[in-house]
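This report refers to the structure that appears directly beneath it.
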Amino acid sequence: MAHVVGIDLGTTNSLIAYMDGETPRAIADDKGRTALPSVVAFLEEASAESVLVGEEAKQYLTTRPKSTIYSVKRFMGKGREDLKDDLKMLPFSLVGQEKEAIRIGIGKKTYTPTEISAHILRGLKARAEKALNTPITKAVITVPAYFNDSQRQATKDAGKQAGLEVLRILNEPTAASLAYGLQKEKEGTIAVYDLGGGTFDISILKIKNGIFQVLSTHGDTLLGGDDFDRQLLKRIRDEVLEQYDVDLLKNGALLQEVRLMSEQVKWQLSSQTSADVSLILPDNKGRYERQFTRSEYEGMIKGLIDRTLESCHKALSDAKLSPEDVDEVVLVGGSTRVPLIKERVGDLFKKVPHSELNPDEVVALGAAVQAKILSGGITDMLLLDVTPLSLGIETMGGIVSRLIQRNTPIPTTAKEAYTTHVDGQRTVSIHVVQGEREMVGDCRSLAKFNLTGIDPLPAGMPRIEVVFLIDANGILNVTAKDLRSGKETTVEVTPTYGLSDEEAEKMISASMEHAKEDLEKRQRIESINEAETVLRHTEKALAQGSDLLDGDEREKIEAIMTQLKAAMSEGTHRQIRETLTELNQVTQRFAADLMSQTVKEALKNKKLSDV
């Protein structure tokens with residue numbers, strides 16, 4: 001059987017693994033290194049052969065900072081607006097308009113993050129083909145659980161450009177749990193705390209009888225070890241600027257040197273209590289020397305760790321669990337080697353976190369397990385992943401009609417029938433949104449498209465069926481169909497750029513903070529929509545059955561209709577409902593008489609036609 005590999009496409013390092021019998025193994029290079037640095041260098045000679053990947057590329061970080069790209073995963077599916085805080089800290093150029101997908105400028109050319117990632121995947125593919133002595137054409141690639149549709153699609157496209165058929169886009173924490181579950185053969189509730197170079201995820205899973213069910217997930221696509229390094233870099237930059245009047249941001253090579261130095265300090269302080277730095281400054285400005293202590297460093301990163309713990313609390317809340325309900329805590333990602341993280345995570349869950357498996361390799365190992373499941377090599381394990389945020393469409397008044405709730409196991413499908421609001425309407429606009437708020441303006445827009453050619457019927461008559469389908473990769477397809485005419489439109493939701501870090505962090509918490517006001521706003525708009533429909537039908541009825549009403553009765557009905565319009569303009573949803581009830585009561589006799597008249601006329605017309 002041909003090998004189907006598992007790939008951890010990481011921010012700092014990437015790995016590739018395969019199943020050696022029943023055991024997942026990471027594939028090493030000729031020097032025994034399993035981690036491939038996620039770095040791509042473009043040499044000045046413009047040719048395909050001048051693109052270097054991994055360790056070969058890493059040596060150019062300080063000598064060719066403008067053409068050596070790192071941490072590209074942070075840019076996948078993102079727009080320039082999302083990365084405004086990162087721009088000044090990068091030695092290479094990010095180009096593109098505010099609302100457009102980011103591109104990386106190198107010389108006269110520009111590259112998408114997908115194209116850069118494809119180079120990394122080619123490097124991993126070549127390594128596996130050499131080690132296994134066979135062509136590699138199929139893979140499972142992992143992504144953070146909080147990657148949205150755009151970021152997942154960009155990752156899948158990178159695999160395709162690298163010559164790989166991507167069988168599954170798999171959430172990283174879920175992959176880690178597969179590796180852990182396979183080797184430990186545990187049953188129970190597991191929390192996977194995954195802090196990589198550029199992203200953070202927490203997932204709560206239940207493992208029983210070989211079934212891995214994700215109960216909840218939370219995280220931040222712009223928080224990782226890079227941000228820990230950046231805290232040190234900022235401190236060094238500020239001190240060098242103050243003491244020596246040298247701005248690191250104006251010297252790309254020096255900035256890269258300090259970034260790598262900050263990374264080294266982080267590593268050293270994970271195993272010792274202090275670390276020394278020494279930096280020769282340009283233009284004979286002298287030498288910057290400094291000793292950082294572990295306690296000083298921990299003070300710098302405390303706020304970042306607090307953010308990860310907030311996500312842990314939210315994931316537990318979503319799963320309706322307390323920390324004591326979690327049986328095991330698994331640490332994933334190189335950044336979890338920081339002692340303070342182990343300590344704080346242990347305090348939160350009230351148990352010592354597991355880190356027996358290599359935290360750098362565990363995601364790739366789990367991806368290899370999933371690859372074997374998909375290829376039929378493992379039949380006694382089942383993976384049930386979830387979608388991290390709710391999905392729905394906009395309805396009248398800017399209300400969100402939710403079709404798929406967050407933390408729904410995927411793959412999944414949902415459908416709902418809608419109708420028109422205007423007589424003779426031939427086109428319906430479908431606006432797909434993501435988020436937990438009640439109003440469209442407070443959620444994230446994913447896509448807009450039109451269903452055209454529907455039959456021009458009175459408002460409320462057409463039946464428009466909207467179907468949401470989330471595949472196993474977490475990518476959403478939406479279909480809208482006019483059930484009468486059979487006309488339909490399908491789109492794969494691939495927005496041009498992803499969640500901003502503020503949206504990613506606050507989307508769920510905002511829904512909780514604003515739950516009461518959101519509900520009141522939704523109830524009022526729904527009441528207005530219902531009132532508009534009732535008023536429209538009442539006005540038609542008054543015109544149609546004017547001979548069935550005396551002056552006093554008509555006057556009373558019209559007075560309440562005026563009250564209803566006033567309530568719609570300025571009243572609460574309760575006032576609108578109360579006035580609707582009153583209108584229904586005063587029109588009951590009239591409605592019954594009008595129905596009786598309509599039936600008599602229909603019967604009369606039928607007899608005439610029979611003759």
Side-chain angles (χ1 to χ4, degrees), residues 3-18 20 24-43 48-61 64 67-76 111 113-133 135-144 155 158-159 161-164 166 170 172 175-176 179 194 196-199 224-226 229 256 259-260 263-264 267 332-335 337 357-368 371:
H3 288 289
V4 182
V5 294
I7 294 176
D8 174 11
L9 184 60
T11 306
T12 307
N13 295 301
S14 296
L15 295 94
I16 188 166
Y18 76 109
D20 183 6
R25 299 194 188 282
I27 301 174
D29 64 9
D30 294 338
K31 296 184 179 180
R33 299 171 297 202
T34 55
L36 176 80
S38 300
V39 182
V40 178
F42 293 82
L43 304 188
E49 292 75 22
S50 67
V51 180
L52 303 178
V53 177
E55 293 292 348
E56 287 184 315
K58 197 172 180 179
Q59 63 183 315
Y60 289 101
L61 282 169
R64 296 183 187 274
S67 59
T68 304
I69 314 304
Y70 63 93
S71 294
V72 71
K73 182 175 178 177
R74 290 178 78 108
F75 315 143
M76 294 287 275
Y111 299 85
T114 298
E115 290 171 317
I116 303 294
S117 297
H119 283 295
I120 298 169
L121 292 173
R122 286 189 195 100
L124 292 171
K125 181 174 182 286
R127 173 189 289 188
E129 289 177 338
K130 183 176 181 181
L132 302 176
N133 195 30
I136 300 296
T137 59
K138 297 180 180 180
V140 169
I141 302 178
T142 63
V143 297
T155 303
Q161 289 182 25
L164 293 168
V166 181
L170 181 65
E172 289 165 3
D194 183 357
T199 58
D226 285 0
D229 302 340
Q256 278 290 51
R259 188 184 71 82
L260 295 172
E263 190 177 52
Q264 289 289 336
W267 293 342
V332 180
S335 298
R337 289 189 172 93
L357 297 178
N358 185 331
D360 293 315
E361 295 182 0
V362 67
V363 168
L365 297 177

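Bear in mind the structure is a predicted one, so any value in this text is a computation, not a measurement.
Note that CG of L365 and CG of L15 are 8.0 Å apart. Values are rounded to the nearest 0.5 Å. Atom-to-atom distance recorded for S38:OG and L124:CG is 7.5 Å, nearest 0.5 angstrom. Atom-to-atom distance recorded for I7:CD1 and I141:CD1 is 5.0 Å, nearest 0.5 angstrom. Once rounded to the nearest 0.5 Å, the distance linking OG1 of T137 with CD of E129 reads 8.5 Å. Separation of atoms NE2 (H3) and CG (L132) is listed at 4.5 Å; rounding is to 0.5 Å.
Residues A367 and T142 come closest through the heavy atom pair CB-CG2, 3.7 Å. Residues A118 and Q161 come closest through the heavy atom pair CB-CB, 3.8 Å. Of all heavy-atom pairs spanning A371 and V140, the tightest one is CA-CG2, 3.7 Å. Scanning both residues, I120 and S14, for their nearest heavy atoms gives CG2-OG, 3.7 Å. Shown here for A17 and A364, the closest heavy-atom pair between the two residues is CB-O, 3.5 Å. Residue I136 comes nearest to K125 through the heavy atom pair O-CE, 2.8 Å, listed as atom of the first residue, atom of the second, then distance.
With sequence neighbours excluded, the residues forming a side chain to side chain contact (heavy atoms under 4.5 Å, CB included) with E55 are R33, P37, K58, listed by chain and number. Applying the side chain to side chain contact (heavy atoms under 4.5 Å, CB included) criterion to A57, with sequence neighbours excluded, gives V39, A41, L52.
Looking only at distances, a side-chain donor or acceptor of Q59 sits under 3.5 Å from a matching main-chain atom of E56. In this structure, R127 contributes its side chain and T34 its backbone to a donor-acceptor pair below 3.5 Å.
Between S71 and the choices T11, D226, T12, the side-chain hydrogen bond (donor to acceptor under 3.5 Å, both in side chains) rule is met once, by D226. Checked options D20, I16, L36; the residue passing with I27 is I16 (criterion: side chain to side chain contact (heavy atoms under 4.5 Å, CB included)).
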- Does the pair T68 and Q256 meet the rule for a side-chain contact (heavy atoms from CB on, under 4.5 Å), with working shown? CA-CA 10 Å; T68 304; Q256 278 290 51; 5.6 Å; no

* To do: Could you please spell out the steps behind the side-chain contact (heavy atoms from CB on, under 4.5 Å) verdict for V166 and T155?
  => CA-CA 9 Å; V166 181; T155 303; over 6 Å; no

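Looking at heavy atoms from C-beta onward, R122 lies out of side-chain contact with V53 at the 4.5 angstrom threshold. Side-chain contact between R259 and L61 is present, with at least one heavy-atom pair separated by less than 4.5 Å. Residues R337 and D360 form a side-chain contact, since some pair of their non-hydrogen atoms from C-beta on lies under 4.5 Å apart. Residues L9 and K73 form no side-chain contact, since every pair of their non-hydrogen atoms from C-beta on lies 4.5 Å or further apart. Residues V143 and M76 are not in side-chain contact: their nearest non-hydrogen atoms beyond the backbone lie 4.5 Å or more apart.
Taking the six-membered ring wherever Trp is involved, the centroid distance between the rings of H119 and Y111 does not fall below 6.0 Å.
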